[in-house]
Amino acid sequence: MLPFAAWLSWLIPIVGSVFAPAIFRLGKKAGETYPVIITSISAIFSLSMVPSVWGGKVIEEKIKWIPLPDGSWIEAGVLADPLSVLFASIASFLGTLIILYSIGYMEHEEGLPRYYFFMLFFVGAMVGLVLSNNLLQTYIFWEIVGLCSYALIGFWYRRPSAAHAGIKAFVTTRVGDVVFLIGILLLYISLGTFSMREVSIGLEELLSKDPGAQGFVITCMLLIFGGAMGKSAQFPLHVWLPDAMEGPTPVSALIHAATMVKAGVYLVARTAFTIVPLESFGKILTPWYETIAIIGAVTAFLAATMGLVMNDIKRVVAYSTISQLGLMFAALGLASELGWFSSQFHVLSHSIFKALLFLSAGAVIHVVHTNDIDRMGGLARKMPLTFIASLFGALALSGIPPFSGFFSKDLIIEAALEISNAVIYLLIVLTSILTVTYIMRWIYKIFLASSNPESSHAHEAPKVMTIPLLILAALSLLVGFFEEPFTSYFGLHHHFKPSLLTYATSAAILIFGLLLAYAFYLSATLRGAPLINPVSIRTSGLGSALHKLLVNRYYVDHVYYKVFVDGTLWFSSKVRRYIEEKVIDGFNYALARVTQSFIQAFRYLQTGSSNINISAYALGIAILLVIFLILLFGGLRI
């Protein structure tokens, strides 16, 4: 491990972000090269920690941070272990590729110093978040990540939709953040520490002394999970993520593949790995695990259904992210070593192929200048490298061997079978079938369908954009073969092998998913028209109602706007009318009238005549003199 790697891997991009705008004064090329160098250095420091934590080793370093009245200190620190180093390496390595890609994608945009400042700050905050050894430090980075996402989603703030999307992301995730903070404070009040390892010891001692504290522990863990739901866009806090596509495509890739949405998965994985490890708290926290599994599986299925009908090239991939995050949470909620490991293996594979899909989408947008996949088509011949990269990403997402998603998703299926949870298993299977269908629809409409005028002049993106695509495409093909080394990296005692039933399930998923994709879309490449026309389905009675439901995203957004936007406006108007106008304003006006009457009553004492004024003055002096004499002679008698 390089010296101070656990500190410098996040300090370098955070401190370096401050100088990004100044570097642009040296020239545009220098300003674009600088952030690539900074994130590359961060990635080198992060990756250098891999050998040091291999096999489950833990490195923790602390420094004094905040003094307390009793003379003790709240300590800041870093916790380098296989989990934190995995996420730090993903954030910094993919961050480097995405920022390199940005040089081409953002070439003609204004506000580049601001863009690269927040991109560096974003990467540094995520690396700092996962390497923090205490909950307070984690929360500070947690909020910085939220701030950066708000600024980058709304980067084109002159567009009302982009500004609104940034605010929506900020407000929605704040709900989870407040809940997370309450959980942290409850633990601190009860245990007197923010340190994750000390919290774990404290909770174990608390439960050994008072078994009735189980409810308190479950409550705290659910509150922490609430924070994860917001950041990782789990139902019903998922509504911000599709609208976040209003930001530049590299921002979308960074949020989905390397930073913000992975923070929630990391938080739950860290909680189950360090704060309430399965071997010590497994049975006690059964309701916590079940909640995570159910919310994750339901989110995965609902998002996959919505991905079927979206026509924005990035929104399809965004709903895919929500769905895949749901699978990760479902696996974590299975309360097994295999479930935990499969979720983290899927984090690795998903980070790579999701970055690949977003950057491929950006390469297409960069040349066709539209996000509507119905206005694309025929790009396979005009953009062959982008097509191959996109296809690799789609095959990995679909779980088609030998691509990475096949290995990680099969382990999630195996974990669901291992604990015999039929509901979770069924939702994972249905989600996986729909995943194959919607991503093949995406491939067909962009690359294989008949060409449209918008795509007639398409060409390959610049090399600075295609090189990251090729690197990610190669990794999407190769990462799945590192399952056994990945097991050893975490120090797990045995390697996991899917059963024959898992392989049969996986085969059935691919067959059904590809058959649906072929019937509705891919068959048109061979026959000139699809076997089943999707237009006829969505214009039929039941199909029309279902399509309307999915296009309107189950009306969750509609309900939120009605309740929280329209409802707030209605309530505030009532408050203004009855409280402000009738009570507050009424009191003020009544006070003014009383004051006015008082003044009117005494105004006639002032006549403006100097004779009367002098007489009154003399009378006053005479009265004061009499009072003085009475007091004087009264005092002498005493």
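Excluded from the calculations below are hydrogen atoms, water molecules and symmetry mates; all remaining heavy atoms, backbone and side chain alike, are included. These numbers come from a predicted model, not from an experiment. The first residue in the sequence is number 1, and the count goes up from there.
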With a 3.5 Å cut-off and no angle check, do the side chains of [X] and [Y] form a donor-acceptor pair?
X: S102; Y: Y116; value: no
X: T305; Y: Y554; value: yes
X: H256; Y: K262; value: no

Subject >> Residue pairs involving residues 94-108 (criterion salt bridge (Lys or Arg N to Asp or Glu O under 4.0 Å); sequence neighbours excluded) >> reply: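 For residues 94-108, and leaving out neighbouring residues, there are no salt bridge (Lys or Arg N to Asp or Glu O under 4.0 Å) pairs at all.
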Subject >> Ion pair check, D243 and R553, cut-off under 4.0 Å >> reply: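 Salt bridge present between D243 and R553.
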Original post:
Should D557 and K168 count as an ion pair when the cut-off is N to O under 4.0 Å?
Top reply: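 Counted as a salt bridge, because a side-chain N and a carboxylate O are separated by less than 4.0 Å.
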May I ask you to decide if the ring planes of [X] and [Y] are parallel, tilted or perpendicular, using 30° and 60° as cut-offs?
X: F225; Y: F329; result: perpendicular
X: H346; Y: H350; result: tilted
X: W10; Y: F141; result: perpendicular

Subject >> Atom pair CD1/CD1 of I37 and I23 - distance to nearest 0.5 Å >> reply: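 If I round to the nearest 0.5 Å, the distance is 9.0 Å.
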So [Y] and [X], do their side chains get closer than 4.5 Å, heavy atoms only?
X: I98; Y: F358; answer: no
X: R441; Y: V316; answer: yes
X: W288; Y: V276; answer: yes
X: I443; Y: S390; answer: yes
X: W142; Y: K231; answer: yes

Would you say [X] has more than 12 foreign heavy atoms packed within less than 6.0 Å of its [atom1]?
X: K28; atom1: NZ; value: yes
X: Y150; atom1: OH; value: no
X: F19; atom1: CZ; value: no

Subject >> Reference residue W156; test side-chain hydrogen bond (donor to acceptor under 3.5 Å, both in side chains); the match among E246, E110, E109 >> reply: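 Among E246, E110, E109, the one that satisfies the side-chain hydrogen bond (donor to acceptor under 3.5 Å, both in side chains) with W156 is E109.
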**OP:** Find out whether the Lys NZ or Arg CZ of R174 is both under 6.0 angstrom from the six-membered ring centre of F170 and within 45° of the ring's axis.
**Re:**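 R174 over F170 ring: yes.
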